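Inspection log for the structure reproduced underneath, given as structure tokens.
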Amino acid sequence: MPEDHPEPTEDARHAAANALLGTTGVTRAKVDSAASRRASRRWWDADADAYHETHADFLGVDSPAGEFVWCPEGLHEGDWHLLGDIEDKRVLEIGCGSAPCSRWLAAHGAHPFGLDISRAMLDRGVAAMNAGGPRVPLVQAGAEELPFADESFDLACSAFGGVPFVADSEQVMREVRRVLKPGGRWVFSVNHPMRWIFPDDPGPDGLRAAIPYFDRTPYVELDADGEPTYVEHHRTIGDRVREIVAAGLVLKDIIEPDWPEWLDREWGQWSPLRGEIFPGTAIFVTEKPN
């Protein structure tokens with residue numbers, strides 16, 4: 001199920017976006033790439049303001065130099081160095097949103113480019129850059145067709161960015177391999193696949209397994225005409241590994257972060273209660289062979 005997206009009738013934080021898009025119901029149905037892209041672009045444009053009201057502080061969106069937080073558990077790139085050496089490296093961030101991660105990379109010596117499908121999310125990043133700090137090139141595009149030349153980046157990353165929201169995530173892996181230089185690293189974080197089986201509830205009701213782990217049918221919200229307004233796709237851990245290998249990348253690590261003792265906030269269905277029992281995030285560390 002979506003990492004921060006309970007059913008529209010249950011979550012007041014998304015009320016404005018749901019009203020704007022005319023969301024009326026929820027289903028599980030196959031959705032192709034074009035419909036998924038269209039829904040994601042519309043959703044994140046509509047929800048950008050509400051998303052930042054809830055999460056901007058935690059993500060460091062308005063910090064002059066940005067922040068690079070990998071996940072709701074609070075793993076920071078400055079502590080974990082999952083990308084390795086970033087000095088003078090060209091870095092592509094996929095699903096950058098308002099680009100706090102890209103701005104943090106720029107502040108620490110990298111040359112990042114931020115890519116996102118939503119113009120409203122990118123505009124929020126421009127507003128943050130206009131307030132001060134390093135400036136980063138931002139590109140509006142989808143993750144399945146990256147508008148960059150072959151072998152044009154040293155590194156690529158995505159912190160809960162485009163990967164869960166595309167119909168063909170194996171194509172994303174192939175595209176990232178194409179634009180990476182040999183030896184380049186690709187690190188991405190997603191909601192942990194096992195979270196799919198539980199309701200989107202940070203409390204005790206969210207501890208009840210309800211949905212088959214092996215059911216890969218996307219979660220879809222619909223308007224009155226049956227058009228998707230929000231789509232999220234599920235892959236198992238094994239699916240992710242096979243996509244990585246099929247794209248010609250080498251899997252170096254899978255990180256399943258513990259819930260830190262200091263963190264008492266809830267983020268959608270993430271919470272201390274659930275975090276003490278099972279993981280909420282999976283971070284895949286991969287490399288393109290030399």
Side-chain angles (χ1 to χ4, degrees), residues 2-6 8 11-21 40-80 91 93-108 110 112-140 157-165 188-191 200 202 230 232 257 259-260 262-272 275 280-281 283:
E3 70 270 7
D4 185 21
H5 210 269
D11 192 352
R13 287 174 301 169
H14 301 301
N18 285 318
L20 180 63
L21 297 174
S40 289
R41 183 176 62 251
R42 294 175 63 207
W43 171 259
W44 292 109
D45 280 350
D47 196 53
D49 288 343
Y51 179 86
H52 283 93
E53 286 175 9
T54 304
H55 301 308
D57 184 60
F58 183 79
L59 296 174
V61 170
D62 295 313
S63 169
E67 297 290 352
F68 197 136
V69 180
W70 279 106
C71 53
E73 292 87 354
L75 272 67
H76 197 288
E77 176 62 14
D79 299 319
W80 283 77
V91 187
E93 183 186 4
I94 295 174
C96 68
S98 51
C101 298
S102 284
R103 289 187 285 117
W104 183 88
L105 289 168
H108 289 78
F113 290 72
L115 177 143
D116 201 276
I117 201 168
S118 165
R119 177 60 183 267
M121 295 293 281
L122 294 174
D123 284 346
R124 184 65 171 79
V126 171
M129 288 189 286
N130 287 341
R135 303 194 70 85
V136 173
L138 301 178
V139 177
Q140 184 180 8
C157 60
S158 183
F160 277 81
V163 176
F165 304 105
F188 65 95
S189 60
V190 295
N191 47 316
D200 275 356
Y230 179 94
E232 188 162 340
W259 190 269
W262 58 266
L263 186 58
D264 60 1
R265 82 190 296 272
E266 293 182 356
W267 177 317
Q269 47 104 339
W270 278 264
S271 66
T281 297
I283 306 174

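A quick note: this is a predicted structure, and the numbers were derived from the prediction, not measured.
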Practice item. Answer whether the closest heavy-atom distance between the side chains of Val136 and Met129 falls below 4.5 Å. Key: yes
**Study point:** Ala99 backbone acceptor or donor facing Arg124 side chain under 3.5 Å
**Key:** no
**Study point:** Check: Phe160 ring centre within less than 6.0 Å of Trp270 ring centre
**Key:** yes
Practice item. Compare all side-chain heavy atoms of Val91 with those of Phe113 and state whether any distance is below 4.5 angstrom. Key: no
**Study point:** Side chain Asp116, main chain Gly97, donor-acceptor under 3.5 Å
**Key:** yes
Review point. Asn18 side chain to His14 main-chain N or O, any donor-acceptor pair under 3.5 Å?
Key: yes
Exercise for review: Return yes if a side-chain donor-acceptor contact under 3.5 Å exists between Trp104 and Glu77, otherwise no.
Suggested key: no
Exercise for review: For the pair Glu232 (side chain) and Phe165 (backbone), establish whether a donor and an acceptor sit closer than 3.5 Å, ignoring hydrogens and angles.
Suggested key: no
Review point. Are His76 and Trp80 near enough that their ring centres are under 6.0 Å apart?
Key: no
Point to revise | Side chain proximity check, Phe68 to Cys157, heavy atoms < 4.5 angstrom | key: yes
Check your understanding: Judged by atom type as modelled, is there a donor-acceptor pair below 3.5 Å linking the side chain of Arg42 to the main-chain atoms of Tyr230?
Key -> no
Exercise for review: Run the salt-bridge test on Arg119 and Asp123 with the 4.0 Å N-O cut-off and return the result as yes or no.
Suggested key: yes
Point to revise | Sidechain-backbone polar pair: Asn191 side chain, Thr281 backbone, donor-acceptor under 3.5 Å | key: no
Practice item. Kindly check if the number of other-residue, nucleotide or ligand heavy atoms within 6.0 Å of CZ (Arg265) is above 12? Key: yes
Exercise for review: Give a yes or no answer on whether the side chain of Glu73 reaches the backbone of Trp259 with a donor-acceptor pair at less than 3.5 Å.
Suggested key: no
Review point. Do side-chain atoms of Ser189 reach the backbone of Ile283 as a donor and acceptor pair under 3.5 angstrom?
Key: no
Check your understanding: Looking at the rings of Trp267 and His55, which for Trp means the six-membered one, are their centres under 6.0 Å apart?
Key -> yes
Point to revise | Partner set under ring pair (Phe, Tyr, Trp, His ring centres under 6.0 Å) for Phe188, not counting sequence neighbours | key: Trp186, Phe284
